[in-house]
Amino acid sequence: MYNSPYWFNTAHYWIGYPHIEMSRISKYYYLMQMAFWFQQLYVLHVEKRRKDHVAMLSHHFITITLLVSSYCFNFTRIGNAVLCCTDLCDILLSCAKILKYLGISTVCDFMFACFALAWPITRHGFFTAIMWATAVEPTKYVDMTWEPAKGKFFTSYTQKAYLLLFLLLNAIMLYWFSMIVTVVARVVRGDGAEDTRSDDEDNE
């Protein structure tokens with residue numbers, strides 16, 4: 001994404017729309033993300049339910065809806081931006097979990113601190129910028145007409161639908177951020193990073 005014209009320039013989400021052609025690596029990335037989130041729906045129902053099961057299920061459905069529709073409707077630039085915003089935290093959290101399972105607690109706590117710092121920056125700061133760009137910029141660069149034959153699908157109704165999905169996604173991420181703050185408080189007290197979502201598992 002850093003080589004693209006829309007790297008920290010949200011106007012290029014819309015300039016030149018529709019963006020029908022994609023580079024090979026971008027298409028691979030998009031399709032792999034779709035495959036990942038579809039399999040996550042299966043994984044979610046195989047693992048034990050956590051206290052945020054409904055939030056997780058809602059997140060997966062919203063993510064899949066955004067991915068599939070943005071791919072079909074040629075909104076892949078903004079879709080790619082959203083994926084890049086969210087992927088960093090997923091990588092850091094996965095690394096922290098691996099370190100926790102290996103019993104390397106000190107490095108785990110450090111990795112979790114990086115995750116906790118990256119979350120509000122990427123998932124609320126950058127993501128809010130993307131929502132703002134979706135709300136105010138399209139009419140400057142897009143004719144907002146539904147012309148499938150020309151690959152144009154962005155209208156005022158499409159805009160409202162995407163903003164609604166983004167707002168729902170942001171609400172779920174705020175809920176998770178409250179859980180992250182709880183874990184951070186545990187680490188500061190010296191209790192170590194523990195997944196607060198697992199509290200109910202022992203009672204099942």
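Here the structure is a predicted model, which is why all the values come from computation and not from measurement.
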query = Can you tell if the side chain of F110 reaches within under 4.5 Å of the side chain of L99, non-hydrogen atoms only?
reply = no
ask   = Below 4.5 Å, heavy atoms only, C-beta onward: do L41 and I64 meet side chain to side chain?
value = yes
message = For F153 versus G151, what's the shortest heavy-atom pair and its separation?
response = CD1-O, 3.5 Å
note = Heavy-atom nearest pair, C95 first then M111, reads CB-CG, 3.9 Å
key: Minimum side-chain heavy-atom gap F112-D109 below 4.5 Å   = no
query = Aromatic ring centroids of Y17 and F73 under 6.0 Å?
reply = no
ILVMFWY network linking M179 to L168, side-chain heavy atoms under 4.5 angstrom = yes
ask   = Are any non-hydrogen side-chain atoms of F126 and I121 less than 4.5 angstrom apart?
value = yes
query = What are the two closest non-hydrogen atoms of I20 and K150, and how far apart are they?
reply = CD1-O, 4.1 Å
inquiry  = Are W14 and F154, when compared by the centres of their aromatic rings, separated by less than 6.0 Å?
reply    = yes
request  = Apply side-chain contact (heavy atoms from CB on, under 4.5 Å) to the pair V68 and F38, showing each step before the final yes or no.
outcome  = CA-CA 11 Å; V68 174; F38 272 111; 4.3 Å; yes
ask   = Any donor-acceptor pair under 3.5 Å linking the side chain of T155 with the backbone of T158?
value = yes
message = Under a 3.5 Å distance rule, please check whether H19 uses its side chain to pair with a backbone N or O of I15 as donor and acceptor.
response = yes
S105: partners by side-chain contact (heavy atoms from CB on, under 4.5 Å), with sequence neighbours left out = none
inquiry  = For Q39, is the CD atom crowded, meaning more than 12 foreign heavy atoms sit under 6.0 Å from it?
reply    = yes
key: Within one Ile-Leu-Val-Met-Phe-Trp-Tyr cluster: V181 and L174, side-chain cutoff 4.5 Å   = no
ask   = Within a radius of less than 6.0 Å around CD1 of I25, do more than 12 heavy atoms belonging to other residues, nucleotides or ligands occur?
value = no
query = Do you know which two heavy atoms are closest between R123 and N170, and how far apart they sit?
reply = O-OD1, 3.8 Å
ask   = Does OH in Y175 sit with more than 12 non-hydrogen atoms of other residues, nucleotides or ligands closer than 6.0 Å?
value = yes
query = What heavy-atom pair brings A118 and C89 nearest, and what distance separates the two atoms?
reply = C-SG, 3.7 Å
query = Can you hop from L163 to L83 via hydrophobic side chains spaced under 4.5 Å?
reply = no
message = So K27 and Y30, do their side chains get closer than 4.5 Å, heavy atoms only?
response = no
inquiry  = Please check: side-chain N/O of N74 versus main-chain N/O of P18, any donor-acceptor pairing under 3.5 Å?
reply    = no
key: Joint hydrophobic cluster, V142 plus W146, side-chain heavy atoms closer than 4.5 Å   = yes
ask   = Do you know the tightest heavy-atom contact between K100 and C108?
value = CB-SG, 3.8 Å
ask   = Are S69 and Y162 linked by a side-chain donor-acceptor pair shorter than 3.5 Å?
value = yes
ask   = Are side-chain heavy atoms of W119 and L92 found at a separation under 4.5 Å?
value = no
request  = Determine, step by step, whether D87 and Q33 satisfy the side-chain contact (heavy atoms from CB on, under 4.5 Å) criterion, reporting the C-alpha distance in whole Å, the side-chain angles of both residues, the deciding distance to 0.1 Å, and the verdict.
outcome  = CA-CA 10 Å; D87 276 357; Q33 286 279 0; 2.8 Å; yes
message = In this structure, would F36 and L93 fall into the same cluster of hydrophobic residues linked by side-chain contacts under 4.5 Å?
response = yes
key: Matching residue for N80 among Y13, Y6, Y29 - test: side-chain hydrogen bond (donor to acceptor under 3.5 Å, both in side chains)   = Y6
message = Measuring only between side-chain heavy atoms, which start at C-beta, is L67 closer than 4.5 Å to Y71?
response = no
key: Test item: L169 and L165 side chains (from C-beta on) under 4.5 Å apart, heavy atoms   = no
List the atom pairs, donor and acceptor, that lie under 3.5 Å between side-chain atoms in residues 53-61 and the rest of the protein, sequence neighbours left out.
{"from": "S58", "atom 1": "OG", "to": "V54", "atom 2": "O", "distance (Å)": "2.8"}
{"from": "H60", "atom 1": "ND1", "to": "M56", "atom 2": "O", "distance (Å)": "3.3"}

Under 3.5 Å, sequence neighbours excluded: what are the donor-acceptor pairs made by side chains of residues 128-135?
{"from": "T128", "atom 1": "OG1", "to": "H124", "atom 2": "O", "distance (Å)": "2.3"}
{"from": "T134", "atom 1": "OG1", "to": "I130", "atom 2": "O", "distance (Å)": "2.9"}

